[in-house]
Amino acid sequence: SSTESGYNPSALTDGQMPDTMDPGQTWASQAIPSTQPFVVYEFGSAQVVGAVKLWMPTVNGLTQRFKVQYFDGAAFQDLAHADVSGATPDTTGWYVQTAHAIVFDCFGVNTQKVRFLQDAGGGPVADPDRAALNEMEAFALTGGTSPSLAYSPCGLLLSESTGPSC
């Protein structure tokens with residue numbers, strides 16, 4: 001997806017989750033009507049992903065229509081059967097942001113890519129054609145309190161921590 005000048009994609013993996021729209025701490029797409037802005041994490045090889053965490057700014061309002069999807073080898077698919085906090089589903093298959101931190105958890109997909117996708121015009125009411133994220137992390141599927149691995153968009157291991165129990 002396009003990136004707004006000054007809003008570097010490296011902000012997505014800097015480990016900082018401020019609730020801000022400040023350049024350097026936020027990735028933001030260009031505001032282009034009738035497009036679906038997105039961010040794709042590519043792992044390089046197949047991983048069993050069990051959680052995706054997003055930190056989305058709330059300073060311009062809450063994002064009205066977004067999804068987290070995985071690549072099945074042919075196309076991106078919506079996550080099914082994920083436990084979601086920080087967002088609620090609408091009646092059309094999209095999610096509505098309810099908090100700064102959003103977690104899609106307790107699913108298991110074998111994939112090389114995951115993506116955040118915002119529907120056309122689905123951003124905050126004050127800026128509906130722009131998508132923005134403060135941070136995005138993908139974690140390996142874990143059971144109990146096994147270590148979780150966080151990956152960057154290019155597939156590099158970012159951190160290892162104890163994951164949620166599913």
Side-chain angles (χ1 to χ4, degrees), residues 1-43 49-71 76-107 109 111 113-139 148-154 156 158-159 161 163-164:
S1 180
S2 64
T3 297
E4 184 67 41
S5 179
Y7 290 88
N8 195 316
S10 65
L12 293 169
T13 59
D14 64 4
Q16 298 182 33
M17 298 87 168
D19 189 357
T20 180
M21 278 294 295
D22 293 342
Q25 295 184 317
T26 306
W27 168 82
S29 71
Q30 292 179 330
I32 303 172
S34 303
T35 63
Q36 292 183 317
F38 62 89
V39 171
V40 176
Y41 268 44
E42 295 189 33
F43 305 117
V49 177
V52 174
K53 297 182 181 182
L54 309 169
W55 287 265
M56 298 170 63
T58 63
V59 295
N60 286 339
L62 302 175
T63 299
Q64 301 302 301
R65 290 185 310 279
F66 75 94
K67 297 179 178 186
V68 173
Q69 299 179 312
Y70 71 97
F71 189 70
F76 280 98
Q77 304 296 326
D78 295 346
L79 286 176
H81 312 296
D83 294 339
V84 181
S85 62
T88 57
D90 70 10
T91 58
T92 64
W94 295 91
Y95 283 87
V96 178
Q97 179 185 8
T98 61
H100 173 59
I102 299 155
V103 180
F104 287 74
D105 200 1
C106 296
F107 61 88
V109 294
T111 186
K113 304 174 188 180
V114 293
R115 81 172 170 181
F116 160 84
L117 175 68
Q118 181 177 293
D119 195 14
V125 173
D127 200 2
D129 297 319
R130 185 181 321 279
L133 292 171
N134 300 117
E135 191 83 6
M136 182 174 172
E137 296 178 351
F139 292 85
S148 292
L149 305 176
Y151 298 96
S152 73
C154 60
L156 301 175
L158 292 175
S159 65
S161 62

Distance from Thr26 atom OG1 to Met56 atom CE, nearest 0.5 Å? 11.5 Å

Tyr7 side, atom OH; Leu12 side, atom CG - distance, nearest 0.5 Å: 13.5 Å

Carefully, step by step, assess Gln64 and Asp90 under the rule side-chain contact (heavy atoms from CB on, under 4.5 Å). CA-CA 9 Å; Gln64 301 302 301; Asp90 70 10; over 6 Å; no

If you define the side chain from C-beta out and look only at heavy atoms, does anything of Val84 sit under 4.5 Å from Pro89? no

Do Phe116 and Leu133 make a side-chain contact, defined as non-hydrogen atoms from C-beta onward lying under 4.5 Å apart? yes

For the pair Glu135 and Asp14, evaluate side-chain contact (heavy atoms from CB on, under 4.5 Å) and give the outcome as yes or no after the intermediate values. CA-CA 7 Å; Glu135 191 83 6; Asp14 64 4; 2.9 Å; yes

Shortest non-hydrogen separation from Gln69 to Arg115 and the atoms involved: OE1-NE, 2.7 Å

Can you tell if the side chain of Tyr95 reaches within under 4.5 Å of the side chain of Thr63, non-hydrogen atoms only? no

Distance, nearest 0.5 Å, that separates CG of Asn134 from CD of Gln25: 8.0 Å

Can you check side-chain contact (heavy atoms from CB on, under 4.5 Å) on Thr20 and Val59, steps first, answer last? CA-CA 6 Å; Thr20 180; Val59 295; 5.5 Å; no

Hey, does Val52 have a side-chain heavy atom less than 4.5 Å from the side chain of Phe107? yes

Show the nearest heavy-atom pair for residues Ala11 and Gly24, with the distance to one decimal. CB-O, 3.9 Å

Distance-minimising heavy-atom pair for Gln36 and Ala120: CG-N, 3.6 Å

Ignoring hydrogens and angles, tell me if any N or O in the side chain of Asp19 forms a donor-acceptor pair with the backbone of Thr58 under 3.5 Å. yes

All heavy atoms of Met21 vs all of Ala132, minimum pair found to be SD-CB, 3.5 Å

Determine whether Lys67 and Phe76 make a side-chain contact, defined as any pair of heavy atoms from C-beta on separated by less than 4.5 Å. no

Under the criterion side-chain contact (heavy atoms from CB on, under 4.5 Å), I'd like the reasoning laid out for Glu4 against Gln30: C-alpha separation, chi angles, the key distance, then a yes or no. CA-CA 4 Å; Glu4 184 67 41; Gln30 292 179 330; 3.8 Å; yes

Taking all atoms of both residues into account, what is the closest heavy-atom pair of Asp127 and Ala31, and its distance? OD1-CB, 4.3 Å

Just how far is it from atom CZ of Phe104 to atom NE2 of His81, taken to the nearest 0.5 Å? 14.0 Å

Output for pair (Leu54 CG, His100 NE2), nearest 0.5 Å, gives 10.5 Å

Any side-chain to backbone donor/acceptor pair from Thr35 onto Pro37? Under 3.5 Å, distance only. no

Answer whether the closest heavy-atom distance between the side chains of Glu42 and Phe71 falls below 4.5 Å. no

Going by heavy atoms in the side chains, are Glu137 and Met17 under 4.5 Å from each other? yes

Ser2 and Trp27: which non-hydrogen atoms are nearest, and at how many Å? O-CZ2, 3.7 Å

Please check if the side chain of Thr98 supplies one atom and the backbone of Gly86 the other of a donor-acceptor pair under 3.5 Å. yes

Side-chain heavy atoms of Leu117 within contact of Trp94, under 4.5 Å: yes

